[in-house]
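Read the structure below first, then the notes.
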Amino acid sequence: AQSVTQLGSHVSVSEGALVLLRCNYSSSVPPYLFWYVQYPNQGLQLLLKYTSAATLVKGINGFEAEFKKSETSFHLTKPSAHMSDAAEYFCAVRFSGTYKYIFGTGTRLKVLA
Amino acid sequence: GAVVSQHPSRVICKSGTSVKIECRSLDFQATTMFWYRQFPKQSLMLMATSNEGSKATYEQGVEKDKFLINHASLTLSTLTVTSAHPEDSSFYICSARGYIDKNTEAFFGQGTRLTVV
């Protein structure tokens with residue numbers, strides 16, 4: 001069955017430190033991969049997406065993610081955390097031919113001053 | 001990017017009443033709309049998919065008679081929670097997709113926080 005796993009429901013980093021949020025997917029066919037950010041009581045904002053072009057994808061707000069087929073991973077990184085990055089982050093997949101998104105359980109990022 | 005607007009952002013209703021949530025695509029025609037439900041501290045679960053002018057397709061385990069979805073126009077879909085109960089309290093999010101270009105993904109609304117008392 002297709003699924004998305006996000007390791008770590010909560011991640012805390014110091015302001016200025018590296019952010020690493022992990023995402024692995026389970027599928028026999030490489031899907032399209034996404035990272036979304038959700039601020040409290042708000043909807044989802046697309047950070048970046050992978051669609052089989054470059055394996056390193058750059059998104060908004062300084063985030064980027066690398067697709068590694070051998071590891072079935074799509075981890076999200078940012079070199080230097082900012083206080084405004086504190087939010088919930090969701091990894092998601094969808095498969096060609098459908099616009100149903102399968103979401104991971106989310107990772108809440110906390111940035112410490 | 002394209003804008004999807006949900007209304008209301010928050011609603012409190014009494015147990016046994018019905019509540020309607022609207023999802024509008026403001027600057028594009030949404031041929032397909034999706035409704036998700038998010039329980040506290042959990043991920044989004046797809047409830048149903050609706051194509052304009054067609055009946056919605058519900059995911060397994062979602063009661064179609066309780067969660068009525070209407071997608072009567074290319075810019076509006078509604079979700080009506082009928083005979084709401086406290087366990088229906090949740091965050092409901094819609095997303096919409098229309099043909100903008102071949103690389104267009106679905107856009108998400110800002111969500112509606114439903115509290116049933």
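Throughout, a chain's letter reflects where its sequence line sits, starting with A, and its residues are numbered from 1.
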Just wondering, are more than 12 heavy atoms of other shown residues or ligands nearer than 6.0 Å to [atom1] in [X]?
X	atom1	value
B:H85	NE2	yes
A:R22	CZ	no
B:K66	NZ	yes

request  = Please confirm whether the backbone N or O of B:S43 pairs with a side-chain atom of A:T105, one donor and one acceptor, at under 3.5 Å?
outcome  = no
key: Donor-acceptor contact below 3.5 Å, side chain A:Y36 vs main chain B:F108   = no
Under 4.5 Å from any heavy atom of chain A - which part of [X]:
X	value
B:L44	both
B:T49	side chain
B:Q6	neither

key: Closest heavy-atom pair and its distance - A:Q38, B:F91   =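 Result for this residue pair: NE2-CE2, 3.4 Å.
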request  = Mind listing the closest non-hydrogen atom pair of A:F90 and B:Q38 along with its distance?
outcome  = CZ-NE2, 3.3 Å
message = Rounded to the nearest 0.5 Å, what separates atom CZ in A:F103 from atom OH in B:Y36?
response = 5.0 Å
Tell me whether [X] shares a hydrophobic cluster with [Y], the cluster being built from Ile, Leu, Val, Met, Phe, Trp, Tyr side chains joined at under 4.5 Å.
X	Y	result
A:L46	A:Y101	yes
A:F63	A:L44	no
A:F74	A:L47	yes
B:V4	B:I21	no

Student check: side-chain heavy atoms of A:Q45 and B:F107 closer than 4.5 Å =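 The answer is no, as the side chains (C-beta and beyond) never meet within the 4.5 Å cut-off.
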